[in-house]
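None of these values were measured; they are calculated from a predicted model.
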Amino acid sequence: MCDANTVLAIVPLLSFVPLLLFFIFDNQGRSPKKADRERLYFRMVYNLSIERMLEESPIDRNKVIAFKSRKHGRIWAIRYVRKWEPVPLEVAAQFVDAIW
């Protein structure tokens, strides 16, 4: 049989694990993931069109070109686009590539 110290150590663990599992699985399916929100934004605002994004986006193209002219500039330019337009990574990369 178990002694009192073992029981005192096991009982909190037995009550903590189900509570932890409840919180983990309770939040699933409630809010869309970031990638889903980005794709939805791109669909709603630009109708999944890079050309439309190029025409309508308020992003400063001169700043994107300035970022691209640096070493590792494409990465910085993509980050800049994603900072101002919450679009998926591949969309931001296509946008940056189409500017220059």
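- Taking the salt bridge (charged side-chain N to carboxylate O under 4.0 Å, His left out) definition, one finds that Arg52 meets it with Glu56, sequence neighbours left out.
- Applying the side-chain hydrogen bond (donor to acceptor under 3.5 Å, both in side chains) criterion to Gln94, with sequence neighbours excluded, gives no partner residue.
- Hydrophobic clustering keeps Ile75 apart from Val91 (ILVMFWY residues linked when any side-chain heavy atoms are closer than 4.5 Å, directly or through intermediates).
- Asp36 pairs by the salt bridge (charged side-chain N to carboxylate O under 4.0 Å, His left out) definition with nothing, not counting sequence neighbours.
- A donor-acceptor contact shorter than 3.5 Å is absent between the side chain of Lys68 and the backbone of Ala77.
- The structure places CZ of Arg61 at 4.5 Å from CZ of Phe95, a figure rounded to the nearest 0.5 Å.
- Between Arg82 and Ala92, the closest heavy-atom pair is CG-CB, 3.5 Å.
- Atom CE in Met53 sits 6.5 Å away from atom CZ in Phe42 (nearest 0.5 Å).
- Under the 3.5 Å distance criterion, the side-chain polar atoms of Asp60 are matched with a main-chain donor or acceptor of Asn62.
- Every residue was checked against the salt bridge (charged side-chain N to carboxylate O under 4.0 Å, His left out) condition with Glu55, not counting sequence neighbours, and none meets it.
- Proximity of a side-chain donor or acceptor of Ser57 to a complementary backbone N or O of Leu54 within less than 3.5 Å is not detected.
- Separating the CD atom in Glu90 from the CD1 atom in Ile78 is a distance of 10.5 Å, to the nearest 0.5 Å.
- Tyr80 is linked by a side-chain hydrogen bond (donor to acceptor under 3.5 Å, both in side chains) to nothing, counting only residues two or more places apart in sequence or in another chain.
- Note: the hydrophobic cluster containing Leu40 does not contain Leu48 (ILVMFWY, side chain heavy atoms under 4.5 Å, direct or indirect links).
- Contacts of Arg74 classified as salt bridge (charged side-chain N to carboxylate O under 4.0 Å, His left out), with partners at least two apart in sequence or in another chain: Asp97.
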